[in-house]
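Heads up: the structure comes next, in structure tokens.
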Amino acid sequence: MASALPMKDILSCAAHILPDIAQTQIDPPEQPKSSYSPPSSILIIGAGVFGLSTALALTQRPEFTQTRITILDRSPDAGIFPSRDAASIDSSRIIRADYADPSYAKLASQAQARWRETDLGRDGRYTESGFVLAADVGPLARDDGSPTGIAYAKKSWVNAMALAQSEGRPLSSVRLLPGAKPLARVTGVGEFADWGYLNEASGWADAEASMAWFYERVAETGRVTFVNGTAESLETNEAEKRVTGARLKDGSTISADLVIAAAGAWTPTLVDLSSQAIATGQVLGYIDLTEEEQTKLEKIPVILNLTTGLFVIPPRNRVLKVARHAFGYLNPKTPSSPPLGIPGDKSSLKPISQPFTHLDDASLEIPEEGKKSLREGLRRILPWPELQERPFARTRLCWYTDTATGDWIIDYHPYWKGLFVATGGSGHAFKFLPVIGDKVVDCIMGQCPVEFQQKWKWKPVDDIEKAIVTHDGSRGGQPGLILDDEFSKHE
Ligand SMILES: Cc1cc2nc3c(=O)[nH]c(=O)nc-3n(C[C@H](O)[C@H](O)[C@H](O)COP(=O)(O)OP(=O)(O)OC[C@H]3O[C@@H](n4cnc5c(N)ncnc54)[C@H](O)[C@@H]3O)c2cc1C
């Protein structure tokens with residue numbers, strides 16, 4: 001066991017690597033509790049991580065025992081929540097408390113304790129494989145001053161050590177790997193980055209199985225009505241500046257005192273988020289393995305190079321997943337009906353980047369640009385030629401709801417009463433499934449945690465013409481790629 005270094009020593013050692021690191025682990029003061037009058041009915045639109053977790057938290061709060069709770073999802077399969085093309089559904093998602101931002105690191109650590117210690121993480125739903133966060137060396141900031149992958153990785157390393165220290169884990173569980181060779185030696189794969197660290201306390205979850213488990217927990221409360229259906233638009237009472245429910249595609253309406261828009265990357269088609277969030281398409285590829293290859297690879301940690309965004313999750317059932325955490329593709333389309341905006345604001349009539357998935361087109365494959373990038377990732381990460389060139393058994397486009405800073409949006413709408421927004425996952429919200437709903441309900445009740453008040457609030461409109469690009473240092477690829485342009489290059 002490594003001896004427990006005092007925090008000041010950890011920080012001073014980190015300061016040699018990254019000079020601006022002084023802001024770790026500050027416990028904010030408790031917020032005073034305000035009196036709160038709960039609505040008699042709540043409609044949650046979207047049964048992904050944000051929606052389902054919020055529904056469960058509402059059923060657990062005494063303030064909401066008299067509240068009727070309905071959750072609506074466009075899932076076409078009766079009784080299946082969320083829809084199979086939701087961002088929350090996949091073979092795997094990384095579960096890490098490895099964040100450059102200490103507030104998210106701490107919240108992720110609380111979530112991770114639930115993955116580790118409760119039934120949610122049992123029966124293969126959570127695997128603590130270890131996680132290598134790495135990057136290629138280079139400047140710590142881009143030309144616009146935003147952090148690079150290496151800056152993110154180094155800050156995250158400091159936060160990971162601080163968490164290990166405060167949680168009583170040996171500091172040796174966070175192992176510095178300061179070069180391509182130590183990275184390759186410790187992970188057992190190729191020389192896929194220049195600098196990184198292994199956090200033994202991180203891992204991955206079977207996302208689909210975890211969502212199914214979580215859905216069962218919500219359903220068995222008997223408190224939540226699940227409805228298969230698509231909200232076409234929000235219903236309003238303009239005189240009162242109030243949202244009163246949702247109109248569905250089949251012409252029916254669901255009324256509610258409070259509507260929570262938690263429709264993931266589809267949220268901007270319901271609520272005008274042109275100054276807040278944008279849907280970006282991300283690429284995933286799956287390759288089939290032999291039994292021998294499965295055995296060879298199943299003990300590797302999760303691997304992520306933040307400079308390229310490319311990552312690999314250890315295989316299960318002889319399927320290996322490679323993906324890219326990137327700026328992603330934009331898919332601007334004019335909506336069939338404009339999303340609900342602030343009256344007089346013309347931005348709601350503009351084209352909106354919208355998800356396009358395998359449920360829209362069963363034969364959908366990712367663009368060649370994405371395939372090429374995943375292939376380069378495989379070649380760099382896996383040192384075995386037969387695996388490097390193996391064709392993808394399938395590919396998938398999965399949609400992030402990106403904000404400029406990577407912070408979520410958990411706040412009341414600035415104009416419409418009765419409308420709350422819980423979205424902006426920015427490609428990293430899955431791990432928070434066991435805790436995020438509690439935070440959403442805190443914010444609904446006016447008790448948003450102090451350290452997240454600025455991060456999660458509806459942001460003032462700076463420049464609505466400027467496209468939102470996530471500059472948190474965690475993204476690979478190229479900003480601004482248009483999905484249709486990429487498809488048309490190879491027609
Ligand atoms: C490729 C990829 C990799 C990721 N990797 C990780 C990771 O490793 N670790 C991690 O923590 N996070 C990861 N994430 C992020 C995480 O999965 C998301 O942040 C999270 O799942 C978002 O949840 P959500 O509830 O906002 O959206 P979703 O899960 O997309 O749910 C939204 C739901 O709303 C429904 N809906 C939409 N429009 C309507 C409508 N009009 N009416 C009714 N229902 C509607 C949809 O059908 C959907 O079911 C990843 C995401 C992607 C795409």
Side-chain angles (χ1 to χ4, degrees), residues 28 30-73 81-82 88 103-104 106-111 113-115 118 120 210-211 214-226 243 245-246 254 256-264 267 271 401 407-414 416-425 429-458:
E30 275 288 300
Q31 235 191 327
K33 305 250 181 291
S34 59
S35 66
Y36 173 74
S37 195
S40 58
S41 54
I42 293 181
L43 169 65
I44 303 171
I45 304 176
V49 161
F50 280 91
L52 260 195
S53 188
T54 300
L56 188 64
L58 286 169
T59 67
Q60 293 167 339
R61 297 286 180 102
E63 291 85 354
F64 293 89
T65 41
Q66 300 304 317
T67 302
R68 264 184 301 115
I69 306 164
T70 304
I71 189 160
L72 172 75
D73 197 288
F81 297 93
S88 306
S103 306
Y104 284 100
K106 198 169 162 198
L107 186 61
S109 168
Q110 289 162 15
R114 305 276 280 276
W115 284 102
T118 71
L120 170 62
S210 304
M211 290 303 286
F214 212 87
Y215 164 67
E216 288 300 327
R217 299 293 78 72
V218 180
E220 74 188 12
T221 65
R223 289 280 325 282
V224 178
T225 305
F226 282 87
V243 166
I254 301 177
D257 290 345
L258 178 66
V259 172
I260 302 176
T267 315
V271 182
T401 322
D407 292 310
W408 310 322
I409 309 166
I410 303 182
D411 199 2
Y412 284 97
H413 191 274
W416 293 101
K417 292 176 217 141
L419 176 59
F420 192 89
V421 178
T423 190
F430 186 87
K431 64 187 71 60
F432 299 93
L433 173 66
V435 298
I436 205 166
D438 259 326
K439 301 298 164 199
V440 172
V441 176
D442 284 346
C443 297
I444 288 173
M445 295 176 69
Q447 294 163 12
C448 183
V450 174
E451 69 275 32
F452 287 113
Q453 279 172 10
Q454 293 307 312
K455 295 181 196 292
W456 294 349
K457 73 172 195 188
W458 187 281

Over all heavy atoms of both residues, which pair between [X] and [Y] is shortest? Give the atoms and the distance, please.
X: A261; Y: T267; answer: CB-CG2, 4.0 Å
X: V49; Y: S88; answer: N-OG, 3.0 Å
X: A55; Y: I71; answer: CB-CD1, 4.3 Å
X: F214; Y: P434; answer: CE1-CA, 4.3 Å
X: A108; Y: K431; answer: CB-CD, 4.1 Å
X: P449; Y: W456; answer: CD-CZ3, 4.2 Å

> Can you list every salt bridge (Lys or Arg N to Asp or Glu O under 4.0 Å) pair that touches residues 48-62, not counting sequence neighbours?
Replying inline: R61-D438, R61-D442
> Can you list the residues that meet the side chain to side chain contact (heavy atoms under 4.5 Å, CB included) rule with T221, with sequence neighbours excluded?
Replying inline: L56, T59, R223, V224
>> Test of understanding: with side chain to side chain contact (heavy atoms under 4.5 Å, CB included), list the residues that count as partners of S40, not counting sequence neighbours.
In response: D257
>> For K439, give me all partners under salt bridge (charged side-chain N to carboxylate O under 4.0 Å, His left out), at least two apart in sequence or on another chain.
In response: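 By the salt bridge (charged side-chain N to carboxylate O under 4.0 Å, His left out) rule, K439 matches no residue at all.
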>> Suppose we screen for salt bridge (charged side-chain N to carboxylate O under 4.0 Å, His left out). Which residues come up paired with E216, at least two apart in sequence or across chains?
In response: none
> When you look at F452 and I410, which way does the side-chain contact (heavy atoms from CB on, under 4.5 Å) test go after all the steps?
Replying inline: CA-CA 9 Å; F452 287 113; I410 303 182; over 6 Å; no
Atom [atom1] in [X], atom [atom2] in [Y]: separation rounded to 0.5 Å?
X: S37; Y: M445; atom1: OG; atom2: CE; result: 10.0 Å
X: I409; Y: K455; atom1: CD1; atom2: NZ; result: 15.0 Å
X: I69; Y: T54; atom1: CD1; atom2: OG1; result: 10.5 Å
X: I436; Y: L52; atom1: CD1; atom2: CG; result: 12.0 Å
X: L72; Y: F81; atom1: CG; atom2: CZ; result: 8.0 Å
X: I44; Y: I254; atom1: CD1; atom2: CD1; result: 11.5 Å

> Between S53 and L433, is there a donor-acceptor pair closer than 3.5 Å when you use the side chain of the first and the backbone of the second?
Replying inline: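 A pair under 3.5 Å: yes.
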>> In terms of relative ring orientation, are Y215 and F226 parallel, tilted or perpendicular, with 30° and 60° separating the classes?
In response: perpendicular
>> Looking only at the aromatic ring of each residue, does the gap between the centers of F432 and W115 stay below 6.0 angstrom?
In response: no
[Y] and [X], any side-chain heavy atoms less than 4.5 Å apart:
X: R114; Y: V435; value: yes
X: F430; Y: S210; value: yes
X: P82; Y: M211; value: yes
X: V259; Y: W416; value: no
X: Y36; Y: I444; value: yes
X: L258; Y: I260; value: yes
X: Y104; Y: W408; value: yes

> Could you walk me through whether I42 and R68 pass the side-chain contact (heavy atoms from CB on, under 4.5 Å) check?
Replying inline: CA-CA 6 Å; I42 293 181; R68 264 184 301 115; over 6 Å; no
> Would L58 and T67 satisfy side-chain contact (heavy atoms from CB on, under 4.5 Å), going step by step from the backbone distance to the final call?
Replying inline: CA-CA 9 Å; L58 286 169; T67 302; over 6 Å; no
>> Within the supplied structure, the quantity of interest is the number of heavy atoms (other residues, nucleotides, ligands) at a distance under 6.0 Å from E220 CD; does it exceed 12?
In response: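 Yes.
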>> Applying ring-ring contact (aromatic ring centres under 6.0 Å, His included), can you list everything that pairs with Y412, at least two apart in sequence or on another chain?
In response: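 Per chain and number, Y412 pairs via ring-ring contact (aromatic ring centres under 6.0 Å, His included) with F420.
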